[in-house]
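Everything on this sheet refers to the single structure shown next.
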Number of protein chains: 2
Amino acid sequence: MSSTAAEVEAVLAALGDPTRRRTFELLAEHGPTTATVLAPMLNISRQAVAKHLVVLADGGLALSERVGRETRYRVVPARLDLVVAWSDRTRALWSRRLDRLGGSDGSR
Amino acid sequence: MSSTAAEVEAVLAALGDPTRRRTFELLAEHGPTTATVLAPMLNISRQAVAKHLVVLADGGLALSERVGRETRYRVVPARLDLVVAWSDRTRALWSRRLDRLGGSDGSR
DNA sequence: GATTTGCGCAACTTAAAAGTTGCGCATGGT
DNA sequence: ACCATGCGCAACTTTTAAGTTGCGCAAATC
């Protein structure tokens, strides 16, 4: 249930690259597509896109499905919850520290 | 108000690196600290930490304050909202597509 | 005022991704 | 059967980020 550190790692690393994030967004807008279709939109080779898609899939942000001779990828938006969860957890670390200080001031 | 693409870029790129994310978390737990203090916790040189802190600051995730001869960094947890906002926006892109399809099925 | 401590600047090395190209194989169309 | 299309594998180049080391300067300490 609670996401492992490795999962968060994979997701944030995947979203760290601009081209890959753009790929993810395109996938979200267009729906299930192939690397061949995405390549011209990103102005990079099909192979480069294919690699990005594998990274996204490794991070659980996308799923691949083989349909005939094409490999269609689709986005898994639920995976973004991991990012949000991590953000909340980190914010919690911070506020917990403030609690220990007992005050209402975060500086100094 | 609405975050620019460049800002989101900077934040996600900053959080993409494991060491840098760890630095960010340490900063959240420990409160304002210097690169010198953080270095041994991360098992890397002070300079390496200093660079990470600059990247975090560029992304708005941290703020530096010069106190005497030390440079103290503190976390800006509010900046994590950008990540959450981007996640929401991307999810919206996705569901909007489903709306266009008019159906209740995301596949195909 | 001499020493210690902490930092920034800069040059460098290293390591790892991003991207390219070429090829061979499988699937679909005619 | 033949050709076209789409993909995966693999080797390679290029780019960029991560990390190190050395040095000089400014601020505390004594």
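Note on naming: letters A, B, ... go to the chains in the order of the sequence lines (proteins, then strands), and numbering restarts at 1 for each one. Everything numeric in this text was worked out from a predicted model, so none of it was measured.
One distance of note links CG of A:Leu26 with CE of A:Met41; it measures 6.5 Å at 0.5 Å rounding.
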In a table with atom names and distances, give each donor-acceptor pair under 3.5 Å that connects a side chain of residues 76-87 of chain B to protein atoms at least two apart or in another chain.
| residue | atom | partner | partner atom | Å |
| --- | --- | --- | --- | --- |
| B:Arg79 | NE | B:Gly59 | O | 2.9 |
| B:Arg79 | NH2 | B:Glu7 | OE2 | 3.4 |
| B:Asp81 | OD1 | A:Arg91 | NH1 | 2.4 |
| B:Trp86 | NE1 | A:Glu25 | OE2 | 2.9 |
| B:Ser87 | OG | B:Val83 | O | 3.0 |

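One atom, CG of A:Leu38, and another, C1' of C:dA18, lie 17 Å apart when rounded to the nearest Å. The interatomic distance linking B:Leu42 (CG) with D:dG19 (P) rounds to 9 Å, in whole Å. Straight-line distance from the CZ atom of A:Arg72 to the C1' atom of D:dT5: 15 Å, rounded to whole Å. Nucleotide D:dC9 holds its P atom 14 Å from the CG atom of A:Leu53, rounded to whole Å. Going from atom CD of B:Glu70 over to atom C1' of D:dT29 covers 14 Å, rounded to whole Å.
Under the rule for a side chain to side chain contact (heavy atoms under 4.5 Å, CB included), the partners of A:Ala50 that lie at least two apart in sequence or sit in another chain are A:Ala35, A:Gln47. Partners of B:Glu29 by salt bridge (charged side-chain N to carboxylate O under 4.0 Å, His left out), not counting sequence neighbours: none found. Contacts of A:Arg69 classified as side chain to side chain contact (heavy atoms under 4.5 Å, CB included), with partners at least two apart in sequence or in another chain: none. Residues satisfying the side-chain hydrogen bond (donor to acceptor under 3.5 Å, both in side chains) criterion with A:Arg46, sequence neighbours excluded, are absent altogether.
Taking 4.0 angstrom as the limit, A:His52 places none of its side-chain polar atoms (N or O) nearer than this to OP1 or OP2 of C:dA17.
Clustering of Ile, Leu, Val, Met, Phe, Trp and Tyr side chains at separations under 4.5 Å leaves A:Leu93 isolated, with no partner residue.
Every pair passing side-chain hydrogen bond (donor to acceptor under 3.5 Å, both in side chains) that includes a residue from residues 9-18 of chain A is listed here, sequence neighbours excluded: A:Glu9-B:Arg21.
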So if I define the base as every atom that isn't primed, P, OP1 or OP2, how would nucleotides 20-30 of chain C read as a B/S/- string at a heavy-atom cutoff under 4.0 Å? BB-----BB--

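Within residues 12-23 of chain A, the residues approached by DNA chain C to less than 4.0 Å at the level of any non-hydrogen atom are A:Asp17, A:Thr19, A:Arg20, in residue-number order.
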